[in-house]
Colleague: 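Attaching a single structure in structure tokens format; questions to follow.
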Amino acid sequence: MYSLNENTLMQTSKKNPFSMSPDPQLFYFSAQHVACLQTLESAIRLRSGLSVVLGDVGTGKTTVGRILMRLFQDKPDYMFRLILDPQFVDELEFLAHLSRLFDIKTKANSVLEYKEALQSFLYFKGVNEKKIPVLIIDEGQKINEPMMEIIRGLLNYETNESKLIQVVIFAQLEFADRIRLMPNFMDRISAAYVLQAFDEQELYHMIGHRLRRSGYEDLYHVFTKSALKQIYEYSHGFPRKAINLCHQAYLAKISEQLGIIDEDLLTRNIRRKEVSHV
Ligand SMILES: Nc1ncnc2c1ncn2[C@@H]1O[C@H](COP(=O)(O)OP(=O)(O)O)[C@@H](O)[C@H]1O
Ligand SMILES: [Mg+2]
């Protein structure tokens, strides 16, 4: 029996192709991910306000958010700020967090005072300094209603041509049900994109891309065709699920010193996952 251990990877000269972190280096620019990024990029450039990206767990939302921030990293006019876990006890805590995030110097200690401080900040940045603050919120399904109201309020600040803050929310699909019940919030959405699971070919392209990026030559030197098929069937094309399985099979391949990942190795790993629910 082999042990699942990151040290095993150290014994090879190659990089781990199946790292689970949202690493832009390993990102495969599929048609839908590119379209999503283009949608967000132009919404931000046009300063149209609120964009929402929806997708099931593990479809690439967090990674797309990182790549989006990278696309703008050399552009000093944009001030990107990220909230990874939007859970706040109340409005005051959320407003205080926003003020800190944007380095707003304020003595505010009530909701009203914070709102005023944010408003003056946004006008000053947008009108006097021509800067574009961009707030990225991940795990948007955790945003509660009072927070939604504050975000909606921020989006009210505008000049004749554009909004003074750009907001991009990445959320799981259930967020759509929530916003449907809030027509005022719905109205503010200027761009929306839904990330789907990959189809079979796209999934193989993604796995092949990760392998090449990590120093391997060819997908079919690492996986047999039937092993790949099993990965698709098991993951239904969801990147996280597929990568997770590939990762386990890859570690097993190294520690068992196998030449290729075949159906048998995968079946054993899928069974193990089913038993241990990972
Ligand atoms: N297009 C892609 N190319 C390579 N890896 C991807 C791609 N999309 C998602 N992944 C990988 O899938 C996993 C889940 O992605 P993540 O961005 O965390 O999804 P989500 O935020 O939607 O749950 C990560 O390991 C990520 O690197
Ligand atoms: Mg995520």
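Just so you know, these numbers come straight off a predicted model, no measurement behind them. For reference, positions follow the sequence shown, starting with 1. All ligand and atom numbering here is 1-based and tracks the order in the structure.
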Colleague: Considering only protein heavy atoms, which is closest to atom 22 (O) of ligand 1, and at what distance to one decimal place?
Modeller: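 Protein heavy atom at minimum distance: Lys61 NZ, 2.7 Å.
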Colleague: Apply salt bridge (Lys or Arg N to Asp or Glu O under 4.0 Å) to Glu158 and Arg47, showing your working.
Modeller: CA-CA 10 Å; Glu158 56 194 333; Arg47 283 179 276 167; over 6 Å; no
Colleague: Checking a contact table here: which protein heavy atom is nearest atom 23 (O) of ligand 1, and how many Å away?
Modeller: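 For atom 23 (O) of ligand 1, the nearest protein heavy atom comes out as Gly58 N, 2.7 Å.
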Colleague: Shortest non-hydrogen contact from Pro17 to Leu211?
Modeller: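 Heavy atoms of Pro17 and Leu211 come nearest at CG-CD2, 3.8 Å.
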Colleague: What protein heavy atom lies closest to atom 6 (C) of ligand 1? Include the residue and the distance to one decimal.
Modeller: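 For this ligand atom, the closest protein heavy atom is Met206 SD, 3.8 Å.
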Colleague: Heavy atoms only, cut-off 4.0 Å: how does Arg240 contact ligand 1, side chain, backbone, both, or neither?
Modeller: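 Both backbone and side chain of Arg240 come within 4.0 Å of ligand 1.
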Colleague: For the residue pair Phe175 and Phe185, categorise the inter-ring angle as parallel (less than 30°), tilted (30 to 60°) or perpendicular (more than 60°).
Modeller: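 Ring orientation, 0 to 90° scale: perpendicular.
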Colleague: Out of Ile243, Leu203, Leu54, indicate the one that has the non-hydrogen atom closest to atom 11 (C) of ligand 1.
Modeller: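 Looking at heavy atoms only, the winner is Ile243.
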Colleague: Report the C-alpha distance between Asp23 and Arg213 in whole Å, list the side-chain angles of each, state the deciding distance to 0.1 Å, and finish with yes or no for salt bridge (Lys or Arg N to Asp or Glu O under 4.0 Å).
Modeller: CA-CA 11 Å; Asp23 180 357; Arg213 274 296 176 111; over 6 Å; no
Colleague: What residue and atom, counting heavy atoms only, is the protein's closest point to atom 17 (O) of ligand 1, and at what distance?
Modeller: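 For this ligand atom, the closest protein heavy atom is Thr63 OG1, 2.5 Å.
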Colleague: Using heavy-atom distances, let me know which of Phe29, Tyr28, Phe238 sits nearest atom 1 (N) of ligand 1.
Modeller: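 Looking at heavy atoms only, the winner is Tyr28.
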Colleague: Got the closest protein heavy atom to atom 9 (C) of ligand 1, with its distance?
Modeller: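 The closest heavy atom on the protein side is Pro239 CB, 3.4 Å.
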Colleague: When the ring planes of Phe27 and His33 are compared, do they come out parallel, tilted or perpendicular, using 30° and 60° as the limits?
Modeller: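 Ring orientation of Phe27 relative to His33: perpendicular.
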Colleague: Under 3.5 Å between some N or O of ligand 1 and some N or O of Met20?
Modeller: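 Yes: some nitrogen or oxygen of Met20 is under 3.5 Å from one in ligand 1.
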Colleague: Run the salt-bridge test on Asp56 and Lys61 with the 4.0 Å N-O cut-off and return the result as yes or no.
Modeller: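 Judged by the 4.0 Å cut-off on N to carboxylate O distance, Asp56 and Lys61 do not form a salt bridge.
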Colleague: State whether the shortest distance between N or O atoms of Gly60 and N or O atoms of ligand 1 falls below 3.5 angstrom.
Modeller: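 Yes, there is a polar N/O contact under 3.5 Å.
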Colleague: Does ligand 1 have an atom that lies less than 4.0 angstrom from a heavy atom of Phe170?
Modeller: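 Heavy atoms of Phe170 never come under 4.0 Å of ligand 1.
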Colleague: Say you draw a straight line from CG of Leu95 to CD1 of Ile150; how long is it, rounded to the nearest 0.5 Å?
Modeller: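 Output value for this atom pair is 4.0 Å.
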Colleague: Does only the side chain of Phe198 get under 4.0 Å from ligand 1, or the backbone, or both, or neither? Count heavy atoms.
Modeller: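 Near ligand 1, Phe198 shows its side chain, while the N, CA, C and O stay back.
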Colleague: Is there any N or O on Thr59 that sits under 3.5 Å from an N or O of ligand 1?
Modeller: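 By distance alone, the answer is yes.
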Colleague: Could you tell me whether some N/O pair between Phe27 and ligand 1 is separated by less than 3.5 angstrom?
Modeller: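 Between Phe27 and ligand 1 (N or O atoms, distance only) the closest approach is not under 3.5 Å.
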Colleague: Measure the distances from the heavy atoms of Ser21 to every atom of ligand 1 and state whether one is below 4.0 angstrom.
Modeller: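 Flag set, Ser21 near ligand 1.
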Colleague: Using a cut-off of 2.8 Å, find all protein N, O or S atoms closer to the Mg ion (ligand 2) than that distance.
Modeller: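 Near the Mg ion (ligand 2), the protein supplies Thr62 OG1.
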Colleague: In terms of the angle between their ring planes, are Tyr157 and Tyr123 parallel, tilted or perpendicular, with boundaries placed at 30° and 60°?
Modeller: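 Judged by the thresholds at 30° and 60°, the geometry between Tyr157 and Tyr123 is tilted.
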Colleague: Identify whether the distance between the nearest side-chain nitrogen and carboxylate oxygen of Arg268 and Glu256 falls below 4.0 Å.
Modeller: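 Salt bridge between Arg268 and Glu256, a charged N being under 4.0 Å from a carboxylate O: yes.
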Colleague: Measuring from atom CG of Asp199 to atom NE2 of His205, what distance do you get when rounded to the nearest 0.5 angstrom?
Modeller: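 Here the interatomic distance stands at 9.0 Å.
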Colleague: Check for me whether Ser30 has a heavy atom closer than 4.0 Å to any atom of ligand 1.
Modeller: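 Checking ligand 1 against Ser30, which is what was asked, there is no heavy-atom contact under 4.0 Å.
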Colleague: Ligand 1 versus Arg210, non-hydrogen atoms closer than 4.0 Å: side chain, backbone, both, neither?
Modeller: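 The answer is the side chain.
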Colleague: Which residue in the set Leu266, Ile243, Ile261 passes side chain to side chain contact (heavy atoms under 4.5 Å, CB included) when paired with Ile231?
Modeller: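 Among Leu266, Ile243, Ile261, the one that satisfies the side chain to side chain contact (heavy atoms under 4.5 Å, CB included) with Ile231 is Leu266.
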Colleague: Do the charged groups of Glu174 and Arg178 touch, with an N to O distance under 4.0 Å?
Modeller: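 Salt bridge flag = no for Arg178 with Glu174.
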Colleague: Parallel, tilted or perpendicular: which describes the rings of Tyr250 and Tyr216, with under 30° parallel and over 60° perpendicular?
Modeller: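 Plane angle over 60°, so perpendicular.
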Colleague: Which of parallel (below 30°), tilted (30 to 60°) and perpendicular (above 60°) describes Tyr78 and Phe80?
Modeller: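 Tilted: the ring planes of Tyr78 and Phe80 meet at 30° to 60°.
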